[in-house]
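These notes concern the structure reproduced below.
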Amino acid sequence: MTARPASSQSVLTRVKRVSRYTSFEETLDAEGPANVNPDSPREQQLANIRRIYGPEKEVLGVLAIEMELLQPATA
C-alpha cells in the first residue's frame with residue numbers, strides 16, 4: 001500500500017454523464033454557470049478558464065463530467 005500525504009483525500013464517485021462541447025462558451029450556456037461554479041459569474045468563469053486553457057486547448061473541445069458522490073471524503 002502506498003502512503004498518501006496527510007493532506008490527500010479520497011472519495012468514491014460514479015460518473016453519471018459526460019457531454020462534449022465545442023467551446024467553453026457553449027459549455028457554460030448548456031450546463032449553466034451556477035452548475036460549473038456557483039460563486040462566480042459567467043463572464044468571470046469564462047475569463048478564468050481561458051487564462052488556464054488557451055485557444056489551442058479550447059479547439060480540441062470541452063468535456064463536462066457529471067458525477068455523483070457515493071462515499072464522503074476519507075483521509
Would you please name every residue forming a salt bridge (charged side-chain N to carboxylate O under 4.0 Å, His left out) with Glu68, sequence neighbours left out? Arg14
Please name all residues satisfying salt bridge (charged side-chain N to carboxylate O under 4.0 Å, His left out) with Glu26, sequence neighbours left out, ordered by chain then number. none
I'd like to check [X] versus [Y] (side-chain heavy atoms, cut-off strictly below 4.5 Å). Are they in contact?
X: Arg17; Y: Met67; value: no
X: Leu63; Y: Val18; value: yes
X: Leu28; Y: Gln45; value: yes
X: Val11; Y: Leu69; value: yes
X: Ser19; Y: Glu31; value: yes

Tell me which pairs pass salt bridge (charged side-chain N to carboxylate O under 4.0 Å, His left out) where either residue lies in residues 52-64, with sequence neighbours left out. Arg50-Glu58
Could you grab the distance from atom CD1 of Ile49 to atom CZ of Phe24, nearest 0.5 Å is fine? 6.5 Å
Straight-line distance of Thr27 OG1 to Leu46 CG, nearest 0.5 Å: 9.5 Å
Closest non-hydrogen atom pair between Gly61 and Arg20, with its separation: CA-NH2, 3.8 Å
Chi angles and distances behind the side-chain contact (heavy atoms from CB on, under 4.5 Å) call for Asp29, Arg42: CA-CA 9 Å; Asp29 290 343; Arg42 181 189 185 281; 2.9 Å; yes
Are Val62 and Ile52 joined in one hydrophobic group, where the rule is that I, L, V, M, F, W and Y side chains link up if heavy atoms are under 4.5 Å apart? yes
